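All remarks here apply to the structure that follows.
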Amino acid sequence: MIDLALVRKDPVAYQDACKKKNIKLNIAAFLKLDEERRMLMAETQTMQAERNAVSKKVPTIKEKTEKEKVIGEMKSLGEKLKAGEEELIELDKQWMALQLQLPSIPLPSVPVGKDDTENREQRKWAPNQSSASADSGTGQDGLPIFDFEPKDHVALGTALDIIDIPRGVKIGGSRSYFLKGDGARLELAILQFTIDLLTKRGFTLFTPPLMANYAAMMGTSYFPGGEEQAYAIGVDRTPELGLDGKDAKQIESDRLYLIGTSEVAVASYHSGETFKQSELPKRYAGLSNCFRREAGTYGKDTHGLYRIHQFQKVEQVVLCENDEKTSAALHQEILGNAEAVLQALELPYRVVDVCTGDMGRGQIFKNDIETWMPSRKGYGETHSCSTFGEFQARRLGIKYETESGEKKYVHTLNNTCIASPRILIPILEIYQNKDGSVAIPSVLRPYMGGQEVIR
RNA sequence: GGAGAGGUGGCCGAGUGGUCGAUGGCGACAGUCUUGAAAACUGUUAACCCCGCAAGGGGUUCGUGGGUUCGAAUCCCACCCUCUCCGCCA
C-alpha cells in the first residue's frame, strides 16, 4: 500500500511506475475518486456530528412535545445520513480496490523492461576448480564440462530410484513427485545445512503455519492479484464418493489459503505490532512447504522438478527501520547469504537485476539468482531477493517508534535461501558421474552420515 | 463432534439503551518530596481517518460484519477467535 499523500503530491511518478511495471491503472481517475470520497466523508461527518450533539441533548429535554419534535427531526436526519453512509461504503470499496493496485516506485537503478528477458545480468560466480565430479571438468568460464553424455536430473533420479514422478502424479496429479531414499535425505541435508548457516548468521528460524488467512495473503501483497496461484482449502468430505471420489464437490472454503512461501506467515508474524527502534532489525528465516497452483503455466517447464506444485524452502525475512540505506545494506546481506549457500555447494550462478516489468507491484528493488542447470543449457531462477520499502508494512500494520517518539512503518525484505527440489536439478546434473552415480557435495556429507555418493 | 463460558483501552477488570471513549486498578511518563533511590502524593497516558500552515475542530473504533432505535459497549442476527469439560486423536 502506498502513502496517499505521496500519490496526491506526485501522481505523475506513480503513473510512470504503473507504466514501467505493466500495471493498468489510471492514477488521475483514482485521485478523482479519492477526492469524491473525501467530500462525501465531510458531508456524512457533519451529519454525524449533529446527530451526536442532539443525541446528547435528548435525555435532558423534559418537555414532552419539544422532545418529540427533536426526535422527529433526528429521524429524518438519520435517513439522510444512512443514504450518505451507504453511498460512502460503496465508494470506499472501489477506492480500496484501486488503492490496493497502486504500485510502489522502483528505485532509479532498476532497469526498465517489459519482462524477464530484459533483466540485466549483474555478476556471475563459478567455482575456480570444481570438485563436483570425478568424471567432469570445469571450462574456462567455470561451467562444468563432461567427457561423456550427461543425463538430466529426471534420468539420473529415476535410474538411482531417488525421484519418482509417475507415482507422484498418480497420487497428487500433474506436477507432483516423490523424493525417495537418498533423494529425500539429500533434500533434508540441504535444508539443514542452510538453516545452520543462517542460524550462525543471526537469523531466527520459524516453522510457520502453512495455512494463512486473507489478511496475511493481502498483507504480503500476494492478494489481490495472485488468487489464482493459491490453493484455497475447501472440498467436501462426504464419505460416499466411491473409489475415485470424482463426484467430490467444492464446498464453502475454510477461508484459508495454502501459503506459496513462508514469507506470507513470517512477514505477518508481527502484523499490527509496533516495535521500539532498538528492537530492529529482525532477521527471520522460515522453513516451510510451499504450495503453488501454477495456473496458466500449462505446457511450460513440464519436464522434471523445475516447476512443481509443492516444494520446501528456507526463506529469509527481514524487518528493519525505515531508511533506504539500511534496507539496501540488508538486501545485500540476505542476497549474500543465498550466495554463500550456492558457493558452499559449488554451483555456478549469476545475479540479475530484475527489470520493472518482471517485478511485483510492491517491490522497489529485486534481484534474482539463477543457477546453472546443464540440462537447460542455461541459468534457471532459484532465488528471488526483494526489497519492499514500506509497501508490505503499510498493509500489515507493522510500525516502530523512533527514539524521538515518532511512529514509522518498517521496511521489509525477503530472499530465498534455498528451495528444493529445484536446487536438486543443478546438484544432480553437475555432480553426476559417468557411471550414473552422483557425488554428494562435500558440505552436505556431514548431514548424510558421511555418505559421499548416491549410487 | 457434544455441552458450556467468554472476547471492553498497553495489561487486569467494571459497565445491560442516553452527557460512556468508557469507573477502578496495574503499568508507563512527568512533577513534588529526597544527597540519590524507593515509598507517598499530583498530573499525563489509545489508535485510525477527515478538515486545517498551525492552533484546533470533527468523525470512527468496546472481536468482525449486518440489523433494531432519535440514540447501542449494552438489544437482535450471522461470522471469527479464545477458554473449560466430554469424546476422538498425531
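We use all heavy atoms of the structure for the numbers below, so side chains are in, but hydrogens, waters and symmetry mates are not. Computed from a predicted structure; not experimentally measured. Proteins come first, then strands; the chains are lettered A, B, ... in the order of their sequence lines, and each starts at number 1.
Take A/Glu390 and apply the side chain to side chain donor-acceptor pair (under 3.5 Å) test, not counting sequence neighbours, and it matches A/Asn322, A/Arg394. Scored by the side chain to side chain donor-acceptor pair (under 3.5 Å) test, A/Gln15 finds no partners at all (sequence neighbours excluded). Not a single side chain to side chain donor-acceptor pair (under 3.5 Å) links A/Glu401 to another residue, sequence neighbours left out. Listed by chain and residue number, nothing satisfies the side chain to side chain donor-acceptor pair (under 3.5 Å) test with A/Asn289 (two or more places apart in sequence, or in another chain). Taking the side-chain contact (heavy atoms from CB on, under 4.5 Å) definition, one finds that A/Arg8 meets it with A/Leu4, A/Leu31, A/Asp34, A/Arg38, sequence neighbours left out.
The interatomic distance linking A/Glu68 (CD) with B/U69 (P) rounds to 17 Å, in whole Å. Going from atom CD of A/Glu273 over to atom P of B/A46 covers 20 Å, rounded to whole Å. Following rounding to the nearest Å, A/Gln99 (CD) and B/C49 (P) show an atom-to-atom distance of 11 Å. Distance, A/Lys93 NZ to B/G65 C1': 11 Å, rounded to whole Å. Taking atom CG of A/Asp3 as the reference point, atom C1' of B/C49 lies 13 Å away to the nearest angstrom. A/Arg8 places its CZ atom 10 Å from the P atom of B/C49, with the value rounded to the nearest Å.
B/G18 and B/A22 have their C1' atoms separated by 14 Å, with the value rounded to a whole Å. Comparing the P positions of B/G6 and B/G63 gives an interatomic distance of 14 Å, to the nearest angstrom. Taking atom P on both nucleotides, B/A46 is separated from B/A40 by 24 Å, rounded to a whole Å. Annotation: B/G9 and B/G25 have their C1' atoms spaced 13 Å apart (nearest Å). The P atoms of B/U60 and B/U74 are separated by 15 Å, rounded to the nearest whole Å. Rounded to whole Å, the C1' atom of B/A3 lies 36 Å from the corresponding atom of B/C20. For B/U84 and B/C79, the P atoms lie 23 Å apart once the distance is rounded to whole Å. Separating the C1' atom of B/G21 from that of B/A47 is a span of 11 Å, rounded to the nearest Å.
Between A/Tyr269 and A/Tyr284, the ring planes are perpendicular. Angles over 60° get that label, and only those under 30° would be called parallel.
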For nucleotides 74-82 of chain B, just jot down a letter per nucleotide in 5' to 3' order: B, S or -, based on protein non-hydrogen atoms under 4.0 Å.
-----S---
Dot-bracket, RNA chain B: Watson-Crick or G-U, under 3.5 angstrom, [ ] crossing, | other strand?
((((((((.[[[..)..(.....]]]((((((.......))))))((((((....)))))).[[[[[..)....]]]]])))))))....
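A/Gln312 and A/Glu187 share a donor-acceptor pair across their side chains, judged by distance under 3.5 Å alone. The closest side-chain donor-acceptor pair between A/Thr194 and A/Gln192, if any, does not fall under 3.5 angstrom. For the residue pair A/His303 and A/Asp152, a side-chain donor N or O sits within less than 3.5 Å of a side-chain acceptor on the partner.
Contacts between residues 32-55 of chain A and RNA chain B, counted as heavy-atom distances below 4.0 Å, involve A/Arg38, A/Met41, A/Gln45, A/Gln48, A/Ala49, A/Arg51, A/Asn52, A/Ser55. Residues of residues 73-91 of chain A having a heavy atom closer than 4.0 Å to RNA chain B, listed by number: A/Met74, A/Lys75, A/Lys82.
Salt bridge status for A/Lys19 with A/Asp16: absent, with no side-chain N to carboxylate O gap under 4.0 Å.
In this structure, the separation between CD1 on A/Ile308 and OG on A/Ser176 is 9.0 Å, given to the nearest 0.5 Å.
Counting only residues at least two apart or in different chains, salt bridge (charged side-chain N to carboxylate O under 4.0 Å, His left out) contacts with residues 407-424 of chain A are absent.
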Please list, one pair per line, the donor and acceptor atoms closer than 3.5 Å that link side chains of residues 199-211 of chain A to other protein atoms, with sequence neighbours excluded.
from: A/Thr199; atom 1: OG1; to: A/Ile195; atom 2: O; distance (Å): 2.7
from: A/Arg201; atom 1: NH1; to: A/Asn337; atom 2: OD1; distance (Å): 2.8

Taking distance alone, no hydrogens or angles, what donor-acceptor pairs closer than 3.5 Å link side-chain atoms of residues 355-366 of chain A to residues at least two apart or in another chain?
from: A/Thr356; atom 1: OG1; to: A/Lys20; atom 2: O; distance (Å): 2.9
from: A/Thr356; atom 1: OG1; to: A/Gly113; atom 2: N; distance (Å): 3.1
from: A/Thr356; atom 1: OG1; to: A/Gly113; atom 2: O; distance (Å): 3.3
from: A/Asp358; atom 1: OD2; to: A/Asn119; atom 2: ND2; distance (Å): 3.1
from: A/Arg361; atom 1: NH1; to: A/Gln101; atom 2: O; distance (Å): 3.1
from: A/Gln363; atom 1: OE1; to: A/Gly360; atom 2: N; distance (Å): 2.6
from: A/Gln363; atom 1: NE2; to: A/Ser386; atom 2: OG; distance (Å): 3.2

